[in-house]
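Down below is the structure, laid out as structure tokens.
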Amino acid sequence: TILDAIDDARPSPTALTGHSVLVGYGRVGSVVGTVLQARGELFVVIEDNDTIVARLRESGIEAFMGNGVKADILEAANIAGARQLFVAVPNPFEAGQIVERARVLNPSLNIVARAHSESDVEHLTRVGADAVIMGEREIARGMIEHSLRLESSPAVSTTNETERRP
């Protein structure tokens, strides 16, 4: 395909600076990307799924086909001139490599990474992530916050008298 031919060559670097780099545009990365776009923030995406890359490009989002572990992909995304990096890939080993390489290319970069376990959080922090978000912890936090909001709000009946069962 045309996309394959374009991406077989060394990727053309972005002209952006002071931007965000988002690695991974799956379930987590796509939510991050939607918020960045809604806020009008400048960002580029690194993604290894050619269908997703084609869709992003068609919608006007600058996207690089490849793995964020590769130095030429990080350089094309101008990680050295970026202000922040979101690592939304689920594999902690791959995420750790991306964090390490990005930190070398841009020591002042703000790096936010995704994790699934406490050991992932420790690993990603140790290799240079500034913040590591563990999904399960955030779900638990949301459940507790919801419960606390219910406890602090006035009681509201949600059952209609005619809907009660005998």
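What's counted below: heavy atoms across the whole structure, side chains too, no hydrogens, waters or symmetry copies.
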Carboxylate-amine/guanidinium contact Glu58 Arg55, below 4.0 Å: no
Spatial distance of atom [atom1] ([X]) from atom [atom2] ([Y]) [nearest 0.5 Å]:
X	Y	atom1	atom2	answer
Arg141	Met134	CZ	CE	9.5 Å
Ile61	Ile52	CD1	CD1	11.5 Å
Phe64	Asn78	CZ	CG	9.0 Å
Ser20	Asn110	OG	CG	8.5 Å

Side chain [X], main chain [Y], donor-acceptor under 3.5 Å:
X	Y	value
Asn106	Ile79	yes
Asp50	Met65	no
Arg103	Leu109	yes

Check whether any side-chain heavy atom of [X] lies under 4.5 Å from a side-chain heavy atom of [Y], and answer yes or no.
X	Y	result
Leu36	Phe86	yes
Arg101	Glu75	no
Ile98	Ile46	no
Glu62	Val45	no
His123	Glu118	no

Minimum-distance pair of heavy atoms, taken over all atoms of Ser30 and Gly26: OG-O, 2.6 Å
Residue among Leu124, Val121, Val112 satisfying side chain to side chain contact (heavy atoms under 4.5 Å, CB included) with Ile133: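 Going through the options one by one, the only one that passes is Val112.
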